[in-house]
Amino acid sequence: MSKRKAPSKDGNVNSDFCDFLQELAEYEKNVAGNIFKYNAYRKAASSLASHPVRVQSGKEAMKLDGVGKKIADKLDEFIKTGELQKLKKIRNDDTSTAINSLVRVSGIGPSKAKELIEEGITTIEELRKHEDKLNHHQIIGLKYLEDFEEKIPREEIEQIESVIRSEIGSLDPQFNITICGSYRRGKKESGDIDTLISHPSFTSSDKKSSKLLESVVNKLKECGLIVELISMGDVKFMGACKLVEKTRRLDIRLTPFDQYHCAVLYFTGSDLFNKEMRAHALNNGYTLNEYCIRRVGSTGTPGEPLPVSCEEDIFDYIDYPHKKPEERNL
DNA sequence: ATGTGAG
DNA sequence: ACTCACATA
């Protein structure tokens with residue numbers, strides 16, 4: 001998931017409160033550079049989002065975790081007037097609006113945005129005239145700004161998946177391939193294509209991954225699927241592909257063979273589901289991360305990684321009812 | 001080595 | 001929360 005704002009909806013009776021708290025959070029992070037306030041607003045928004053009852057006053061909201069006097073006052077103002085003076089100011093502030101435009105570009109964060117504004121570049125249109133001020137990632141982000149903001153229909157990912165499977169399969173049938181993220185969770189559309197691969201010749205005991213990822217990326221370049229490269233290391237490729245019309249963000253990560261299923265679980269998400277499952281694991285005396293699952297003894301020191309031959313194994317270890325990917329949309 | 005950014 | 005890749009120094 002990227003830095004785009006995701007309006008909170010479906011079944012959240014406090015969604016309008018969450019939206020303005022989220023907007024305040026973004027402001028604190030991107031403009032004011034106050035990560036603590038950013039976290040505070042996010043925490044309050046998340047409390048409100050999971051609260052099943054619509055709050056009628058700031059006072060009532062103060063019972064919730066993460067909501068103090070300051071946020072309670074803002075809720076009261078919003079309930080009373082339907083808006084927030086602070087937010088009106090922010091929306092009218094030149095620096096603030098400029099930063100919000102520039103950070104739409106993948107690779108441009110608050111820091112780079114402020115630097116550009118110092119040089120008088122405050123809009124995307126201006127930016128297009130000054131590509132020389134951007135690094136490679138940012139140039140690609142700008143070039144495909146509109147495409148990258150579009151959601152990808154499930155059917156298109158299915159087609160891209162079949163190309164990836166046949167191309168990588170013809171390279172070497174021993175590759176495991178799974179497209180994770182919201183696509184694996186059965187969503188109708190996704191923000192990007194997050195592909196995990198593994199190969200028996202690369203395990204966690206091998207320190208170097210040889211040229212496995214490179215060979216895969218080259219193959220997908222040759223067949224014309226991959227059209228841009230953003231970054232490329234031994235185990236992670238970031239770039240873009242195009243099958244029809246729009247250019248789409250594509251990530252490919254190579255994971256050690258023995259850590260494949262933990263990685264697939266992790267990158268399938270959702271974030272909230274992962275959080276919940278890791279908490280459950282801890283309760284049952286296990287620690288679970290992107291790489292492995294380990295028993296954690298009474299001393300608190302984790303043991304050796306346990307053998308995992310499929311995703312279900314992980315659920316079984318921690319005695320957690322198995323959830324199909326479609327059931328992980330928390 | 002450190003900061004930025006993505007996920 | 002944590003890791004990877006990159007761009008500087």
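As a basis for the values below, the full set of heavy atoms in this structure was taken, side chains included, without hydrogen atoms, waters or symmetry mates. Just so it is clear, the structure is predicted and the values come from calculations on it, not from any experiment.
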Student: Assign the ring pair A/F273 / A/Y320 to parallel, tilted or perpendicular, where the plane angle (0 to 90°) is split at 30° and 60°.
Tutor: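 Rings of A/F273 and A/Y320: perpendicular, over 60°.
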Student: Under 4.0 Å between a side-chain N or O of A/R249 and OP1 or OP2 of B/dG7?
Tutor: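 Indeed, a polar side-chain atom of A/R249 lies that close.
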Student: Find the distance A/L250:CG to B/dG7:P and express it as a whole number of Å.
Tutor: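 Nearest whole value for this atom pair: 12 Å.
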Student: Using whole Å, what does the distance between atom P of nucleotide C/dC4 and atom OH of A/Y266 come to?
Tutor: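 Rounded to the whole Å, the gap is 11 Å.
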Student: With rounding to the nearest 0.5 Å, note down the distance linking CG in A/L243 to CD in A/E158.
Tutor: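 Here the rounded value is 12.0 Å.
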Student: Which of the following nucleotides, B/dT4, C/dC6, B/dA6, is nearest to the side chain of A/S111?
Tutor: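 For A/S111, the side-chain atoms sit closest to B/dT4.
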Student: Considering only C/dA7, C/dT3, B/dG7, which nucleotide approaches the side chain of A/N135 most closely?
Tutor: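 Out of C/dA7, C/dT3, B/dG7, the nucleotide with an atom closest to A/N135's side chain is C/dA7.
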Student: Nearest 0.5 Å, please: how far is NZ in A/K86 from NZ in A/K74?
Tutor: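 One finds 6.0 Å between NZ of A/K74 and NZ of A/K86.
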Student: If I take atom CD in residue A/Q138 and atom C1' in nucleotide C/dT8, what distance separates them, rounded to the nearest angstrom?
Tutor: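 To the nearest whole Å, that distance equals 13 Å.
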Student: Give the intermediate values and the outcome of side-chain contact (heavy atoms from CB on, under 4.5 Å) for residues A/I314 and A/M277.
Tutor: CA-CA 10 Å; A/I314 307 166; A/M277 186 164 170; 4.0 Å; yes
Student: Over how many whole Å does the gap from A/H136 atom NE2 to C/dC6 atom P extend?
Tutor: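 That distance rounds to 10 Å.
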Student: To the nearest Å, how far apart are A/D234 CG and C/dT3 P?
Tutor: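 Going from CG in A/D234 over to P in C/dT3 covers 17 Å.
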Student: Tell me what A/H137 touches on the nucleic acid: a base, only sugar-phosphate, or nothing, going by heavy atoms under 4.0 Å.
Tutor: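 Here A/H137 touches the backbone only, sparing every base.
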Student: Compare the minimum distances between each of C/dA7, C/dC4, C/dA5 and the side chain of A/S231, then state the nucleotide with the smallest one.
Tutor: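 The listed nucleotide nearest to A/S231's side chain is C/dA5.
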Student: Rounded to whole angstroms, how far apart are CG on A/D194 and P on C/dC4?
Tutor: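 From A/D194 CG to C/dC4 P: 15 Å.
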Student: Starting the side chain at C-beta, find the nucleotide from B/dG7, C/dA7, C/dC4 nearest to A/R253.
Tutor: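 Closest of the options to the side chain of A/R253: B/dG7.
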Student: What is the distance from CG of A/L134 to C1' of C/dA7, rounded to the nearest Å?
Tutor: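 After rounding, the reported distance stands at 14 Å.
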Student: From C-beta outward on A/D192, which listed nucleotide comes closest to its side chain: B/dG7, B/dT4, C/dA5?
Tutor: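 Minimum distance to the A/D192 side chain belongs to B/dG7.
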Student: Using whole Å, what does the distance between atom P of nucleotide C/dA1 and atom CE of A/M277 come to?
Tutor: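 Nearest whole value for this atom pair: 20 Å.
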Student: Taking the side chain as C-beta and beyond, is there a heavy-atom pair between A/L225 and A/E167 under 4.5 Å?
Tutor: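 No; the side chains remain at least 4.5 Å from each other.
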Student: Would you indicate what A/N289 reaches in the nucleic acid, counting non-hydrogen atoms under 4.0 angstrom: base, sugar-phosphate, or nothing?
Tutor: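 The residue A/N289 makes no contact with any strand.
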